[in-house]
Amino acid sequence: MNSTVQLIQPVVALLVWSMVMWFWMYVTRLPAIASMKMKLDSEVPSGVQMSQLPARVRWKADNYNHLMEQPTLFYAVVFSLAFLGAVTEFIVYTAWAYVGLRVIHSLVQALVNKIEFRFVVFVLSNIPLVIIICKAAIQAFK
């Protein structure tokens with residue numbers, strides 16, 4: 001298989017995972033809104049109404065939002081390496097490590113939200129991301 005395709009696979013996997021979290025967010029949020037008989041009001045500041053939902057419901061939305069933040073760096077750097085033709089087996093494994101750690105982070109946040117453990121997983125996920133970014137920087141500026 002083409003090494004560029006192999007590098008794009010973790011990107012697609014993280015995109016699919018983001019949609020899993022989006023679905024999970026709504027499967028828990030909509031019934032909670034209904035059971036609370038919450039009247040949605042566009043005049044209330046963003047997030048105020050949703051903060052009334054149970055914590056276990058909010059955790060899924062918080063994680064979905066997190067998947068729209070830092071992983072954007074991952075997407076950009078992976079496509080940069082693919083464009084630069086700088087794909088190696090090590091980088092592919094490193095990209096998969098990042099994706100795996102982000103999935104673990106999601107599960108921790110969505111299920112138990114133990115902040116100390118979630119923080120450790122988040123920090124660990126930054127290691128492969130930094131490695132990939134360094135590889136891209138070296139390749140782009142050599």
Side-chain angles (χ1 to χ4, degrees), residues 1-36 38 40-142:
M1 180 183 298
N2 179 320
S3 62
T4 301
V5 172
Q6 289 179 321
L7 186 59
I8 301 304
Q9 288 174 336
V11 169
V12 174
L14 192 53
L15 292 169
V16 169
W17 180 252
S18 296
M19 292 298 93
V20 167
M21 288 307 302
W22 173 84
F23 181 74
W24 195 3
M25 172 181 68
Y26 280 111
V27 195
T28 55
R29 180 183 275 186
L30 294 177
I33 289 170
S35 74
M36 293 176 66
M38 187 183 287
L40 300 179
D41 183 354
S42 62
E43 299 297 318
V44 175
S46 177
V48 170
Q49 282 189 302
M50 295 302 118
S51 69
Q52 298 170 24
L53 294 172
R56 290 193 166 276
V57 172
R58 290 192 319 267
W59 295 343
K60 281 77 171 166
D62 291 344
N63 186 261
Y64 177 74
N65 289 333
H66 292 161
L67 288 169
M68 299 301 114
E69 297 170 350
Q70 190 198 47
T72 59
L73 299 175
F74 173 71
Y75 301 137
V77 74
V78 165
F79 286 119
S80 296
L81 285 170
F83 181 76
L84 292 166
V87 180
T88 65
E89 187 175 354
F90 174 74
I91 291 299
V92 170
Y93 287 131
T94 306
W96 278 113
Y98 177 77
V99 171
L101 288 163
R102 288 308 303 208
V103 169
I104 292 168
H105 177 270
S106 292
L107 292 172
V108 169
Q109 185 168 21
L111 295 172
V112 296
N113 205 22
K114 182 79 172 158
I115 294 173
E116 297 84 357
F117 184 55
R118 196 179 94 211
F119 178 73
V120 168
V121 177
F122 176 75
V123 169
L124 289 174
S125 75
N126 279 275
I127 295 168
L129 183 59
V130 167
I131 290 169
I132 296 168
I133 290 171
C134 288
K135 169 69 173 173
I138 290 166
Q139 191 66 32
F141 295 106
K142 70 176 182 177

(message) With a 4.5 Å cut-off on side-chain heavy atoms, are Q139 and S80 touching?
(response) no
(message) Can you list everything that forms a salt bridge (Lys or Arg N to Asp or Glu O under 4.0 Å) with E89? Sequence neighbours excluded, please.
(response) none
(message) To check you understand the geometry: which heavy-atom pair defines the closest contact between R102 and H66, and what is its length?
(response) NH2-O, 3.7 Å
(message) I want to check something: taking the side chain as every heavy atom from C-beta on, are V108 and N113 in contact at a cut-off of under 4.5 Å?
(response) no
(request) Check for a donor-acceptor pair, side chain of K60 on one end and backbone N or O of A110 on the other, with a separation under 3.5 Å. (result) yes
(message) I need the L129 CG to I127 CD1 distance, nearest 0.5 Å.
(response) 11.0 Å
(message) To the nearest 0.5 Å, what is the distance between CH2 on W59 and OG1 on T28?
(response) 11.5 Å
(message) Rounded at 0.5 Å granularity, tell me how far CZ in F23 sits from OG in S18.
(response) 15.5 Å
(request) Could you tell me which non-hydrogen atom of A95 sits nearest to which non-hydrogen atom of L7, and how far apart they are? (result) CB-CD1, 3.9 Å
(message) Taking D41's backbone N and O only, do any of them form a donor-acceptor pair with Q49's side chain (distance below 3.5 Å, no angle check)?
(response) yes
(message) Salt bridge or not between E116 and K114? Use side-chain N to carboxylate O under 4.0 Å.
(response) yes
(request) Can you see which heavy atom on A32 is nearest to which on V57, and at what distance? (result) CB-CG2, 3.9 Å
(message) Is the shortest side-chain heavy-atom distance between S106 and L67 below 4.5 Å?
(response) yes
(request) With rounding to the nearest 0.5 Å, note down the distance linking CD in Q109 to CZ in R118. (result) 4.0 Å
(request) Over all heavy atoms of both residues, which pair between L111 and R56 is shortest? Give the atoms and the distance, please. (result) O-NH1, 2.5 Å
(message) Any heavy-atom pair between the side chains of T88 and I91 that's under 4.5 Å?
(response) yes
(request) Measure across V99 and P10 and return the closest heavy-atom pair with its distance rounded to 0.1 Å. (result) CG2-O, 3.3 Å
(message) Quick check: closest heavy atoms across V92 and S3, and the distance to 0.1 Å?
(response) CG2-O, 4.3 Å
(request) Could you tell me whether the side chain of P128 reaches within less than 4.5 Å of the side chain of L101, counting heavy atoms only? (result) yes
(request) Give a yes or no on this: more than 12 heavy atoms of other residues, nucleotides or ligands lie within 6.0 Å of atom CH2 of W24. (result) yes
(message) Are M38 and M50 packed together at the side-chain level, in the sense that at least one heavy-atom pair is separated by less than 4.5 angstrom?
(response) yes
(message) Within the 4.5 Å heavy-atom criterion, are T94 and K135 side-chain neighbours or not?
(response) no
(message) Once rounded to the nearest 0.5 Å, what's the spacing between atom OH of Y26 and atom CE of M21?
(response) 12.5 Å
(message) Do Y64 and R29 make a side-chain contact, defined as non-hydrogen atoms from C-beta onward lying under 4.5 Å apart?
(response) no
(message) Quick test of your reading: applying ring pair (Phe, Tyr, Trp, His ring centres under 6.0 Å), list the pairs with at least one residue in residues 78-104, sequence neighbours left out, ordered by first then second residue.
(response) F74-Y98
(message) Going by the rule side-chain hydrogen bond (donor to acceptor under 3.5 Å, both in side chains), which residues pair with R58 if we only count those two or more places apart in sequence or in a different chain?
(response) none
(request) Take N126 and Q70 through the test side chain to side chain contact (heavy atoms under 4.5 Å, CB included) and record every step on the way to the result. (result) CA-CA 9 Å; N126 279 275; Q70 190 198 47; 2.5 Å; yes
